[in-house]
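Worth knowing before you read on, the calculation uses all heavy atoms, side chains too, and leaves out hydrogens, waters and symmetry mates. Per chain, numbering begins at 1; letters A, B, ... match sequence-line order.
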Protein chains: 2
Amino acid sequence: MAVSKKDEFTSEEVWLADVAKSLSHPARIKILKMLTEMNSCMVGSLVDKLPLAQATVSQHLKELKRVGLIEGEIDGPKVCYCVNNKELAKAKSALDKLFNKIGCC
Amino acid sequence: MAVSKKDEFTSEEVWLADVAKSLSHPARIKILKMLTEMNSCMVGSLVDKLPLAQATVSQHLKELKRVGLIEGEIDGPKVCYCVNNKELAKAKSALDKLFNKIGCC
DNA sequence: TAAATTCATCGTATATTTACGATGAACGAT
DNA sequence: ATCGTTCATCGTAAATATACGATGAATTTA
């Protein structure tokens, strides 16, 4: 974008937009589901089940980690990713609040 | 992106990601709130209260309209925008479903 | 009809996102 | 110590997103 104007909005709006951004790619939505469903959560397992290269999956994981929706724990040469229930609940609650606020035009 | 891989995901995942994308900018979140709060919903009124140029606001409205979260009704030389409660409810429900599905790692 | 208002769209510049192969770091196994 | 595995990061290419001024279409008003 030319120059970001995000400073001009409330931090709540910026944060919620950021959470939404982290959910704005089908691969990341699928990853969140997979981390819940799979017993194993090694990156390799995710790569096997996604139509994306390892580097790309790693990038998506980084984005989810950036906003705190997942956490990674190093386990030898592997990394075990896990959803962050606390942050997830916070996001759910904020989205609920937004959707309850809007929609009575 | 190089070449989109979105075809490789379910249409539900793609749609939900698309809804999230439409919420992924603070201006669009603010617009949804404003359309709910304001009695008037003319584009000019939105532009007055946003730190963005008219052309930019129009682009954000287009994005919200694209996914169906708002609708615009022509009223003379003006356009009255309005949240689409039906689509909003659908989005809320789908996000609820997602958040209930994930998060028990 | 002419002028003013309202808004979408075009053109454009810059930033960010998405995707991949290649490389490198960390670790376990041999 | 060397090798293979696992994953993050770098570099890069192409697509999208964000922002704005300028322009144009539609409509109302003078």
Side-chain angles (χ1 to χ4, degrees), chain A residues 1-9 13-14 17-31 34-35 38 40-67 70-82, chain B residues 1-9 13-14 17-31 34-35 38 40-67 70-82:
Chain A
M1 76 196 90
V3 166
S4 181
K5 292 292 188 74
K6 287 189 179 169
D7 300 346
E8 316 264 3
F9 298 93
E13 282 160 356
V14 171
D18 219 30
V19 169
K21 183 155 72 76
S22 77
L23 299 175
S24 72
H25 193 291
R28 292 196 288 268
I29 289 185
K30 191 164 185 181
I31 285 172
M34 288 166 79
L35 289 184
M38 292 165 58
S40 163
C41 47
M42 302 306 166
V43 177
S45 312
L46 298 172
V47 173
D48 288 345
K49 298 186 180 175
L50 287 168
L52 298 169
Q54 181 263 321
T56 307
V57 173
S58 206
Q59 252 178 0
H60 284 306
L61 289 168
K62 189 178 182 182
E63 168 68 9
L64 287 169
K65 205 164 51 174
R66 183 184 65 82
V67 295
I70 67 173
E71 289 170 323
E73 192 183 347
I74 294 173
D75 172 23
K78 306 183 180 181
V79 177
C80 180
Y81 279 98
C82 194
Chain B
M1 76 198 89
V3 166
S4 181
K5 291 294 187 71
K6 290 192 177 167
D7 300 347
E8 315 264 1
F9 298 92
E13 282 160 355
V14 172
D18 219 30
V19 169
K21 183 155 71 76
S22 78
L23 298 175
S24 71
H25 194 291
R28 292 196 288 268
I29 289 186
K30 190 163 186 182
I31 286 171
M34 289 167 78
L35 289 184
M38 293 166 59
S40 164
C41 46
M42 302 305 164
V43 176
S45 312
L46 298 172
V47 173
D48 289 344
K49 297 186 180 176
L50 287 168
L52 298 169
Q54 181 262 321
T56 308
V57 172
S58 206
Q59 251 178 0
H60 284 306
L61 289 167
K62 190 178 181 182
E63 169 67 10
L64 287 169
K65 204 164 53 174
R66 183 184 65 81
V67 295
I70 66 173
E71 289 170 322
E73 192 183 347
I74 294 172
D75 171 24
K78 307 183 180 181
V79 176
C80 180
Y81 279 97
C82 195

Q: Check whether any side-chain N or O of Y81(A) sits under 4.0 Å from OP1 or OP2 of dA8(D), and answer yes or no.
A: yes
Q) Quick one: L61(B) CG to dA8(C) P, roughly how many Å, whole number? A) 6 Å
Q: In whole angstrom, give the distance that lies between atom CG of L23(A) and atom P of dT17(C).
A: 14 Å
(Q) Could you tell me if the side chain of M42(A) sits less than 4.5 Å from the side chain of V79(A), heavy atoms only? (A) no
Q) Which residue lies toward the 5' end of DNA chain C, A55(B) or A55(A), if each is placed at its nearest nucleotide? A) A55(B)
Q) So do H60(B) and T56(B) actually touch side chain to side chain, heavy atoms under 4.5 Å? A) yes
Q: Measure from CG on L46(A) to P on dA8(D) and round the result to the nearest Å.
A: 10 Å
Q: Please confirm whether any donor atom in the side chain of E63(B) sits under 3.5 Å from an acceptor in the base of dA17(D), or the reverse.
A: no
Q) What is the distance from CD of Q54(B) to P of dA25(D), rounded to the nearest Å? A) 16 Å
Q. For G76(A) and R66(A), take the nucleotide of DNA chain C holding the closest heavy atom to each; which residue's nucleotide lies nearer the 5' end?
A. R66(A)
Q. Taking NZ from K78(A) and P from dG4(D), how many angstroms apart are they, rounded to a whole number?
A. 17 Å
Q: Using only side-chain N and O atoms of K21(B), determine if any of them is under 4.0 Å from OP1 or OP2 of dA17(D).
A: yes
**Q.** For the student: nearest non-hydrogen atoms of V57(B) and L46(B), plus distance
**A.** CG1-CB, 4.4 Å
Q. Is there a donor and acceptor pair, one atom on the side chain of Q59(B) and one on the base of dA8(C), closer than 3.5 Å?
A. no
Q.
Taking the side chain as everything from C-beta on, heavy atoms only, tell me whether L52(B) gets closer than 4.5 Å to V47(B).
A. no
Q: Using a cut-off of strictly less than 4.0 Å, decide whether S58(A) has a side-chain nitrogen or oxygen near OP1 or OP2 of dC7(D).
A: no
Q: Take atom CG of D18(A) and atom P of dT17(C), then tell me their distance rounded to the nearest Å.
A: 9 Å
Q) Starting at the 5' end of DNA chain D, which residue's closest nucleotide do you reach first, V79(A) or D75(B)? A) V79(A)
Q. Closer than 4.0 Å, any side-chain N/O of H25(A) to the OP1 or OP2 of dA19(C)?
A. yes
Q. What is the distance from CG of L52(A) to P of dG21(C), rounded to the nearest Å?
A. 11 Å
Q) To the nearest 0.5 Å, what is the distance between CG (L35(B)) and OG (S45(B))? A) 10.0 Å
Q. If you check every side-chain atom of H60(A), which of dA19(D), dT6(C), dA19(C) has the closest atom?
A. dA19(C)
**Q.** Whole angstrom value for the distance that separates P of dT16(D) from NZ of K62(B)
**A.** 14 Å
